[in-house]
Amino acid sequence: MTSVAPHDPSLAIDGGRPVRPTMLPYARQQVDDADVEAVATALRSDWLTTGPRVPALEAGLCGATGARHAVAFSSGTAALHGAAVAAGLGPGDEAITTPMTFVATANAVLYAGAEVRFADVDPSTLLIRPDLVDAAMTPRTRAILAVDYAGQPADYRALREVAARSGGPVAIIADASHSLGATRDGAAVGTLADLTVLSLHPAKIMTTGEGGAVLTDDDALAARLRRFRNHGIASELAARTDWTYAMVELGYNYRLTDIAAALGSSQLARLDAFLARRRELAARYLERLAGHPYAQGPELDPGTESAWHFCFVQLRLDRLAADRGDVYRALRAENIGVNVHYIPVHRHPFYQERYPDLAFPAAEAAYDRLLTLPLHAGMTTDDVDDVVAALDKVTTAYRAD
Ligand SMILES: Cc1ncc(COP(=O)(O)O)c(C=O)c1O
């Protein structure tokens with residue numbers, strides 16, 4: 001449904017001059033000469049896959065997060081699948097996750113043969129609410145799969161308490177696709193959950209092209225994950241002494257290549273710099289958005305330090321004569337690459353058919369008002385000022401009063 005937004009000739013969408021001459025993307029990878037050199041070196045080496053660069057990246061991820069094990073995967077989605085299976089999810093089981101996420105989070109539960117249940121989010125942080133997870137627990141619940149929305153870690157301490165109260169074995173899985181480098185109560189992402197899933201897609205904090213990883217402190221889970229990403233074969237190539245190998249469970253080819261891992265290790269060397277820049281840009285957003293009459297900025301739980309994968313606002317639609325779609329289109333015309341994260345999972349046709357009549361009021365109300373603002377390590381604070389200037393321009397032109 002589109003509303004009829006007021007016409008204003010100063011707006012680029014109505015023929016006016018855009019705030020920026022070229023599009024500012026909401027996300028963009030940062031690839032430098034060292035990255036290109038690292039990939040070229042991998043390409044000239046003996047190993048394009050199953051070589052030494054994958055364990056090197058895994059060791060680097062352990063060093064960066066404090067996790068005991070890192071198991072690299074070919075995507076964050078594959079890593080989620082691995083985590084769901086390693087957590088023991090299978091037919092007859094349920095996992096509880098948030099509707100405010102990318103579909104891959106919930107899909108991973110279905111890949112494992114289990115069923116998805118959802119618990120609604122906090123309306124300000126858009127993180128899953130532990131009390132609603134508690135209410136959604138059943139005797140079949142075997143995992144809680146939280147998402148560190150926009151880079152802020154979920155409340156894993158409270159989720160652990162919910163799991164402990166259930167009396168059964170309930171794994172805590174973090175979808176940390178957004179939150180590499182974030183902390184909660186001083187503890188780093190990678191150490192907060194039983195299994196922590198990273199995405200290394202180009203939009204994320206650092207990249208391997210496509211790629212992902214699962215972090216865990218548990219030796220048995222790590223071994224299971226290594227098997228699972230390699231057809232269910234018990235020994236990795238480097239550990240074999242002859243032609244023999246034993247496939248012991250059904251697995252997949254979810255291996256990351258050495259080419260991708262080389263890029264990842266090179267990127268990892270700049271992780272702190274990426275995070276520092278994101279935090280600087282986020283601070284500017286928070287400062288500029290404080291008290292904004294038409295848009296409410298993101299909120300952080302006390303004690304969390306976000307990795308700031310993106311910055312989101314929720315429009316105050318009661319003060320606007322336009323809907324989110326109108327504001328989105330007008331901002332794009334101003335060359336501000338806004339986006340929307342996320343269409344709540346249960347609203348996708350596949351999920352509506354599988355689980356009819358679900359309602360999650362906080363996620364749905366947020367979705368109608370949400371916009372993702374550009375935030376990536378290649379931006380400057382002047383870029384943030386352009387975004388806020390465009391937001392001011394569009395919302396003022398569309399104000400209701
Ligand atoms: C929250 C979340 N989960 C999972 C994924 C899937 O990661 P990937 O694209 O690496 O498969 C993404 C990436 O878009 C994501 O944002």
Side-chain angles (χ1 to χ4, degrees), residues 1-28 100 122-126 149-152 178 203 277-300 306-343 362 365-401:
M1 198 180 69
T2 38
S3 72
V4 184
H7 184 88
D8 183 326
S10 75
L11 294 181
I13 199 164
D14 292 330
R17 224 170 94 118
V19 165
R20 292 173 64 94
T22 56
M23 183 65 82
L24 175 67
Y26 97 88
R28 194 182 193 287
M100 186 49 74
D122 176 274
S124 302
T125 63
L126 305 188
Y149 180 84
Q152 175 172 200
H178 301 177
R277 169 50 63 89
R278 284 177 178 277
R279 286 171 179 148
E280 186 190 339
L281 298 169
R284 183 69 161 203
Y285 268 127
L286 291 178
E287 180 194 322
R288 296 288 317 268
L289 292 169
H292 197 284
Y294 305 110
Q296 186 190 333
E299 283 185 23
L300 294 185
S306 176
W308 288 105
H309 169 44
F310 58 74
C311 179
F312 62 96
V313 291
Q314 297 194 54
L315 297 172
R316 296 180 191 264
L317 294 179
D318 54 328
R319 298 180 182 178
L320 292 170
D323 66 16
R324 186 269 314 279
D326 298 317
V327 177
Y328 169 93
R329 283 183 288 277
L331 284 169
R332 300 283 301 193
E334 301 293 339
N335 282 325
I336 305 299
V338 284
N339 206 329
V340 176
H341 295 95
Y342 291 94
I343 301 166
Y367 170 63
D368 291 341
R369 300 162 1 121
L370 264 178
L371 281 176
T372 299
L373 307 181
L375 205 176
H376 56 80
M379 280 172 53
T380 63
T381 47
D382 285 349
D383 293 326
V384 172
D385 289 345
D386 282 350
V387 176
V388 179
L391 185 69
D392 290 346
K393 180 181 171 186
V394 169
T395 51
T396 305
Y398 287 172
R399 71 188 179 281
D401 45 29

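Everything quoted here is computed from the prediction, not taken from an experiment.
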Salt bridge check, Asp401 against Arg399: does any charged N sit closer than 4.0 Å to a carboxylate O? yes
Kindly say whether His376 contributes a backbone atom to a donor-acceptor pair with the side chain of Arg277 at under 3.5 angstrom? no
If only atom types and distance count, is the side chain of Arg278 paired as donor or acceptor with the main-chain N or O of Ser306 below 3.5 Å? no
Tell me, do Leu373 and Val384 make a side-chain contact under 4.5 Å, heavy atoms counted? no
Is Asp383 close to Arg20 at the side-chain level, that is, under 4.5 Å between some pair of heavy atoms? yes
Considering only NZ, NE, NH1 and NH2 on the basic side and carboxylate oxygens on the acidic side, decide whether Asp385 and Arg284 come within less than 4.0 Å. yes
Check whether any side-chain heavy atom of Gln152 sits under 4.5 Å from a side-chain heavy atom of Trp308, and report yes or no. no
Can you tell if the side chain of Thr125 reaches within under 4.5 Å of the side chain of Tyr149, non-hydrogen atoms only? no
Does the ring center of Phe310 lie less than 6.0 Å from the ring center of His341? yes
Quick one: does Leu375's side chain get under 4.5 Å of Tyr26's, heavy atoms only? no
Side chains of Asp382 and Thr380: any donor to acceptor distance under 3.5 Å? no
Does NZ or CZ of Arg319 come closer than 6.0 Å to the centre of the six-membered ring of Tyr398, within 45° of the ring's axis? no
Under-4.0 Å salt bridge between Lys393 and Glu334: yes
Give the intermediate values and the outcome of side chain to side chain contact (heavy atoms under 4.5 Å, CB included) for residues Tyr294 and Leu315. CA-CA 6 Å; Tyr294 305 110; Leu315 297 172; 5.7 Å; no
Sub-3.5 Å donor-acceptor pair from the side chain of His178 to the main-chain atoms of Ala150, do we have one? yes
For the pair Val394 and Leu11, evaluate side chain to side chain contact (heavy atoms under 4.5 Å, CB included) and give the outcome as yes or no after the intermediate values. CA-CA 7 Å; Val394 169; Leu11 294 181; 4.1 Å; yes
